[in-house]
Trainee: 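Following this message is one structure expressed as structure tokens.
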Amino acid sequence: MIWYTSDLHIGHIKVANERGFDTTDEHDAELAARWDDLVRPGDQVWVQGDISIGGRANEIKALQWCGERPGELHFLPGNHDGCHGMRSKSARWQRIYLGVFHSVQQVATHKIAGQRVSLSHFPLRGDPDGDHTPEHRFEAYRHSDGGQYHLHGHTHSKVQQRGRQLHIGPDAHDLSPVSQQWVADRIMAGDETPSIYPDHEKQLNTFELQLLREATLYRYEAGGLPPDLPESVRRYANQPDGGLIDIIDLVIRQARKFDAI
């Protein structure tokens, strides 16, 4: 079994608080419990960056935490990791990280469900929603968009999927690693549906999708949304709508196969 995760932020009180914990000890123990419950000793785990906030003591503590976890670990560094190529002492830190991880590399490619899937810490280059701060950072270190599926962390978002970008960070997956089967299922489902919301949120039926399409056209022409638009549709219509008409047309065609209008 192969697993993916990122943005562990071991020992980082700000992230621990944001995830609902009073102390880093509670946060780190919960991450460990969820990892240990899923990962077997023979499994692979690809950790896609930011094991800590950075700094020697924090990184050593986080590396020790990783070394205590089951599985064959591989690492793709993020902006907080000393072994990332943006850091002046990255070569020195890489030797330290290789004491815990079987490999350390900036990006990787996996073959999943017949597709070549890129992996890195960051979302794809040019992604306007690819950061968790107002500033769009680290563009020079991001993977280019070649139309491939892409696994990333960094955003600290609860959003699991935006088009062909799949967020594998713990904030989107109940603080747990993500199985390669989950990734395969998303690929097999295709990227024709507007699946930018977590799985537990309500999905639109065929009639609501048609209302969403009409509301988006209305928004283009009138600069707002129809006053009588149902709330279930309005919360989707309020999202950034670049290319939304084409997406909704695809979804309606697909939905008609299963849901009579």
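The analysis underlying the following values was restricted to heavy atoms, covering all of them including side chains, and did not include hydrogens, waters or symmetry mates.
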Trainee: Hey, mind stepping through His152 and Ile168 against side-chain contact (heavy atoms from CB on, under 4.5 Å) and telling me if it holds?
Mentor: CA-CA 6 Å; His152 70 86; Ile168 49 76; over 6 Å; no
Trainee: Check whether any side-chain N or O of Arg137 sits under 3.5 Å from a backbone N or O of Thr133 as a donor-acceptor pair, and report yes or no.
Mentor: no
Trainee: Compare every heavy atom of Gly126 with every heavy atom of Glu139, then report the nearest pair and how far apart it is.
Mentor: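 Shortest heavy-atom separation between Glu139 and Gly126 comes out as OE2-N, 2.6 Å.
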Trainee: For Gln160 and His167: C-alpha separation, side-chain torsions, deciding distance, then whether side-chain contact (heavy atoms from CB on, under 4.5 Å) applies.
Mentor: CA-CA 5 Å; Gln160 295 179 339; His167 176 214; 5.5 Å; no
Trainee: Take Arg116 and Tyr149 through the side-chain contact (heavy atoms from CB on, under 4.5 Å) test and state the conclusion after the steps.
Mentor: CA-CA 7 Å; Arg116 290 174 62 84; Tyr149 280 89; over 6 Å; no
Trainee: Consider only side-chain N and O atoms of Arg164 and Gln148, and report whether a donor and an acceptor are under 3.5 Å apart.
Mentor: no
Trainee: If only side-chain N and O atoms count, and only distance matters, is there a donor-acceptor pair under 3.5 Å linking His121 with Asn79?
Mentor: yes
Trainee: Angle between ring planes, His154 versus Phe122, binned at 30° and 60°: parallel, tilted or perpendicular?
Mentor: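 The arrangement is perpendicular - the two ring planes meet at more than 60°.
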Trainee: Salt bridge or not for Asp145 and Arg125, using N-O below 4.0 Å?
Mentor: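 Looking at Asp145 and Arg125, the cut-off is not met.
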Trainee: For Phe21, is there any backbone N or O sitting under 3.5 Å from a side-chain donor or acceptor partner on Asn17?
Mentor: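 Present.
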Trainee: Can a salt bridge be assigned to the pair Arg69 and Asp43 using a cut-off of 4.0 Å between side-chain N and carboxylate O?
Mentor: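 Judged by the 4.0 Å cut-off on N to carboxylate O distance, Arg69 and Asp43 do not form a salt bridge.
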Trainee: Strictly by modelled atom types, are His74 and Glu72 linked by a side-chain donor-acceptor pair under 3.5 Å?
Mentor: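 Distance-only check passes for His74 and Glu72.
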Trainee: Could you tell me whether Met188 atom CE has more than 12 heavy atoms of other residues or ligands within 6.0 Å of it?
Mentor: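 Atom CE in Met188 is not crowded, with 12 or fewer foreign heavy atoms closer than 6.0 Å.
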Trainee: Judged by atom type as modelled, is there a donor-acceptor pair below 3.5 Å linking the side chain of Asp50 to the main-chain atoms of Ser52?
Mentor: no
Trainee: Could you work out, with side-chain contact (heavy atoms from CB on, under 4.5 Å) as the rule, every residue matching His156, not counting sequence neighbours?
Mentor: Asp7, His9, Val15, Arg19, His132, Asp171
Trainee: Can you give me the closest heavy-atom contact between Trp46 and Ala108, atom names plus distance?
Mentor: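 Closest pair (atom of Trp46, atom of Ala108, distance): CZ3-CB, 4.0 Å.
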Trainee: Using only atom types and a distance under 3.5 Å, with no angle test, would you say the side chain of Asp28 pairs donor to acceptor with the backbone of Gly11?
Mentor: yes
Trainee: Can you sort out the partners of Ile96 under side-chain contact (heavy atoms from CB on, under 4.5 Å), two or more places apart, ordered by chain and number?
Mentor: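 Checked Ile96 against side-chain contact (heavy atoms from CB on, under 4.5 Å); matches are Arg56, Ile60, Leu63, Trp93.
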Trainee: What is the minimum heavy-atom distance between Val159 and Ser157, and which atoms define it?
Mentor: N-OG, 2.9 Å
Trainee: How long is the span from the CG atom in Leu166 to the CZ atom in Arg186, to the nearest 0.5 Å?
Mentor: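 Answer rounded to 0.5 Å: 7.0 Å.
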Trainee: Rounded to the nearest 0.5 Å, how far does CG of Leu76 lie from NE2 of His143?
Mentor: 10.0 Å
Trainee: Checking Val178 against Trp3 for the side-chain contact (heavy atoms from CB on, under 4.5 Å) test, could you report, in this order, the C-alpha distance in whole Å, the side-chain angles of both residues, the deciding distance, and whether it holds?
Mentor: CA-CA 5 Å; Val178 177; Trp3 302 88; 5.8 Å; no
Trainee: Locate the shortest heavy-atom distance separating Cys83 from Phe75; write the atom from each residue and the value.
Mentor: SG-CE2, 3.7 Å
Trainee: Would Gln106 and Tyr141 count as having a side-chain donor-acceptor pair, cut-off 3.5 Å?
Mentor: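 No - no donor-acceptor pair under 3.5 Å links their side chains.
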Trainee: For Ser118 and His150, which I'm curious about, is there any donor-acceptor pair between the side chains at under 3.5 Å?
Mentor: yes
Trainee: For residues 58-67, which residue pairs pass the side-chain hydrogen bond (donor to acceptor under 3.5 Å, both in side chains) check, not counting sequence neighbours?
Mentor: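 For residues 58-67: Glu59-Tyr97.
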Trainee: Which distance, rounded to the nearest 0.5 Å, do you find between the CG of Asp25 and the CD1 of Ile10?
Mentor: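 Taking CG in Asp25 and CD1 in Ile10, the distance rounds to 10.5 Å.
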Trainee: If you take all heavy atoms of Pro177 and Thr5, which pair is closest and at what distance?
Mentor: CA-CB, 4.1 Å
Trainee: For Val39 and Gly71, which heavy atoms make the closest approach, and how far apart are they?
Mentor: CG1-CA, 4.0 Å
